[in-house]
Asker: 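Let me begin by handing over the structure; questions about it come next.
For clarity, every value in this text was computed on a predicted model and none was experimentally measured.
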Amino acid sequence: FSTCGKRALLFLIVTFLEAFFRGKYEDALDLTQQAMNVNSHEPITNYFFANLLALTKNNHTAAQEYYRRTLAIDPIHIYARRQLRLSYCY
């Protein structure tokens, strides 16, 4: 993964966080999708994407897939594990 790619991904994640904390969830979802196009094997990106699918689209089934992807990449990601368990309640 090139330095340029890492910078692009970092920029997208920071921009995502700004949009998310300002309540611009659709913008955050778009930015996360862009980050996924840069590197779909980044656990944080998969985790954010899962959260946004549940939050903005109320699509818990799709969110579960991205929580599972997060755990496949990072098996000790405690937040993905917790969110995956909670998602089965919806």
Asker: Does any part of the side chain of Tyr67, heavy atoms only, come nearer than 4.5 Å to the side chain of His77, both counted from C-beta?
Answerer: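 No - every pair of side-chain heavy atoms lies 4.5 Å or more apart.
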Asker: More than 12 foreign heavy atoms under 6.0 Å from CD1 of Ile44: is that the case here?
Answerer: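 No - once you tally the heavy atoms of other residues, nucleotides and ligands closer than 6.0 Å, there are 12 at most.
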Asker: Among Ile73, Leu52, Thr70, exactly one meets side chain to side chain contact (heavy atoms under 4.5 Å, CB included) together with Tyr47. Which residue is that?
Answerer: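 Filter result, single survivor: Thr70.
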Asker: Let me check something: do Tyr66 and Ile76 share a hydrophobic cluster, defined by ILVMFWY side-chain heavy atoms less than 4.5 Å apart, either directly or through other members?
Answerer: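 No, separate clusters.
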Asker: Applying the side chain to side chain contact (heavy atoms under 4.5 Å, CB included) test to Leu31, which of Phe16, Phe20, Phe48 qualifies?
Answerer: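 That would be Phe16.
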Asker: Return the CD1 to CD distance between Ile78 and Gln83, rounded to the nearest 0.5 Å.
Answerer: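 Rounded to the nearest 0.5 Å, the CD1-CD separation comes out at 11.0 Å.
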Asker: Please list, chain by chain and in numerical order, all residues satisfying ring pair (Phe, Tyr, Trp, His ring centres under 6.0 Å) with Tyr79, sequence neighbours excluded.
Answerer: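 Partners of Tyr79 under the ring pair (Phe, Tyr, Trp, His ring centres under 6.0 Å) test: none.
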Asker: Taking all non-hydrogen atoms of both residues into account, name the closest pair between Ser87 and His60 and its distance.
Answerer: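 Shortest heavy-atom separation between Ser87 and His60 comes out as O-CB, 4.1 Å.
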Asker: Report yes or no: do Leu55 and Phe49 belong to one cluster of Ile/Leu/Val/Met/Phe/Trp/Tyr joined by side chain heavy-atom distances under 4.5 Å?
Answerer: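 Yes, one cluster joins them.
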Asker: Do you know the tightest heavy-atom contact between Ala19 and Ala28?
Answerer: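 That would be CB-N, 4.0 Å.
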Asker: Quick test of your reading: applying salt bridge (charged side-chain N to carboxylate O under 4.0 Å, His left out), list the pairs with at least one residue in residues 68-82, sequence neighbours left out, ordered by first then second residue.
Answerer: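 The answer is Glu65-Arg68, Glu65-Arg69.
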Asker: Out of Thr45, Asn46, Asn51, which one pairs with Thr32 under the side chain to side chain contact (heavy atoms under 4.5 Å, CB included) rule?
Answerer: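 Considering Thr45, Asn46, Asn51, a side chain to side chain contact (heavy atoms under 4.5 Å, CB included) with Thr32 is found only for Thr45.
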Asker: Give every residue pair that meets the salt bridge (charged side-chain N to carboxylate O under 4.0 Å, His left out) criterion with at least one member in residues 13-29, sequence neighbours excluded.
Answerer: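 For residues 13-29, and leaving out neighbouring residues, the salt bridge (charged side-chain N to carboxylate O under 4.0 Å, His left out) pairs sorted by first residue read Glu26-Lys57.
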Asker: Are Leu86 and Leu84 in one and the same hydrophobic cluster, where Ile, Leu, Val, Met, Phe, Trp and Tyr link if side-chain heavy atoms are under 4.5 Å apart?
Answerer: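 No, separate clusters.
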